[in-house]
Amino acid sequence: MPIQINTSVKGKEYAPYRVTVERGKIKEFARAIGDLSPMYLDDAVAKAGPWGDIIAPPTFPITFRDEGGDTGALLRDLGVDIGRILHGEQEFEHFKPIRPGQTYLCRLRIADIYEKAGKSGPMAFVVRETTVTDSDNDIVALMRGTTVVRLSS
Amino acid sequence: MKYAKVYAEDVQVGSEMPPLVKPPIQQIQLTRYAGASGDFNPIHQDAAFAKAAGMGDVFAHGMLSMGFVAQSVTDWLGVGTVRKLGVRFAALVRLGDVVTCRGKVVAKRPPKDGDGPYLADLELWAENQKGEKVITGKATAALISRA
């Protein structure tokens, strides 16, 4: 028998949370990927560049986590063990550069939950959307991630 | 804007992205990425946990490979050009795997109202050393005119 997940959290909006981007965190993230662009790592070079400072790499907003609405919270809401999940899909849309020292407001919701048969048995797909806005209330980035839950027991 | 690697005039539909070949995946990189990203799922760190979960061994965070794909675009077109990036994680990336990111331009759109950047739509993929696709995706990049 496949396991059951709590699909009633579809549509749930988590409490909005703020994230302040640390300069060192941008550099740590770029180095972990092995992306050594000076626009992420070199304050002096970036200062002379188009943004007057370093900016964050395109996938950096994935670090915008909050204990109230992170993957741990999702797993508790779904009633699922962490060993069952895989990352299925991920999208980012960028409207403004993400800069060190700025504080961003993140709004996360569960946009969809659906089940379907996969190659290795039944799967649930959980789609989470995060809207990131800045202090001017401009949309900076949108994230949409699909988590796959392996339902086979 | 003074900083541009590639201008709108430099790419056409069919232009191929220079492949980005990343070093073999090592456990230490997965540990660094866990710390940098905040994703501490033990399935990327602990072989016994990964085995018990039915995954055989640890595997790389999908987001690490997506970071490689993002780098392949910004190495080519410039940091700050990515307007959209979307991927599907098609296969697991394992320790020792060599990920190569590839792509090509599938559309190029002129500025709206004659102002602002051109938009280039890219088809992207990443493959392992066996030529198996581990990521498929697409991106839209903003490119300024040389003029």
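The structure presented is a predicted model; accordingly, all values stated were derived computationally and were not measured.
- Ion pairing of A/Arg31 with A/Glu28 is absent here, as no side-chain N (NZ or NE/NH1/NH2) approaches a carboxylate O to less than 4.0 Å.
- Here CD1 of A/Ile26 is found 7.5 Å from CG of A/Asp53. Values are rounded to the nearest 0.5 Å.
- Crowding of B/Gln27 atom CD: a count of heavy atoms from other residues, nucleotides or ligands under 6.0 Å exceeding 12.
- For the set B/Asp39, B/Ile43, B/Leu64, B/Leu30, the count of heavy-atom pairs under 4.5 angstrom toward chain A peaks at B/Asp39.
- Under the 3.5 Å distance criterion, the side-chain polar atoms of B/Lys108 are left unmatched by any main-chain donor or acceptor of B/Tyr118.
- Between A/Thr131 and the choices A/Val140, A/Leu105, A/Leu142, A/Leu108, the side-chain contact (heavy atoms from CB on, under 4.5 Å) rule is met once, by A/Leu142.
- If you measure heavy-atom distances from A/Tyr40 to chain B, the contacts under 4.5 Å come from the side chain alone.
- Proximity to chain A (any heavy atom under 4.5 Å) is shown, for B/Tyr33, by both the backbone and the side chain.
- When A/Ile55, A/Thr146, A/Ile62, A/Asp35 are compared by the number of non-hydrogen pairs under 4.5 Å with chain B, A/Asp35 comes out ahead.
- From B/Asp10, atom CG reaches atom CH2 of B/Trp76 across 9.5 Å, with rounding to the nearest 0.5 Å.
- Heavy atoms closer than 4.5 Å to chain B are found in the side chain of A/Arg150, but not in its backbone.
- Annotation: maximal heavy-atom pairing with chain A below 4.5 Å, among B/Val69, B/Leu92, B/Asn41, occurs at B/Asn41.
- If you take NE2 on A/His94 and NZ on B/Lys84, they are separated by 12.0 Å, rounding to the nearest 0.5 Å.
- Most heavy-atom pairs under 4.5 Å with chain A, from the set B/Gly137, B/Gly54, B/Gly35: that is B/Gly35.
- Interface summary for chain A: among B/Pro42, B/Pro23, B/Ser37, B/Gly62, the most heavy-atom pairs under 4.5 angstrom belong to B/Ser37.
- Counting heavy-atom pairs closer than 4.5 Å to chain B, the top residue among A/Ile33, A/Leu86, A/Thr59, A/Asp81 is A/Ile33.
- For B/Lys22, the part lying under 4.5 angstrom from a heavy atom of chain A is the side chain only.
- Counting heavy-atom pairs under 4.5 Å between each of B/Ala70, B/Gly67, B/Ala34, B/Ala36 and chain A puts B/Ala36 at the top.
- Put simply, CG on B/Asp57 and CE on B/Met55 are 10.5 Å apart, with the number rounded to the nearest 0.5 Å.
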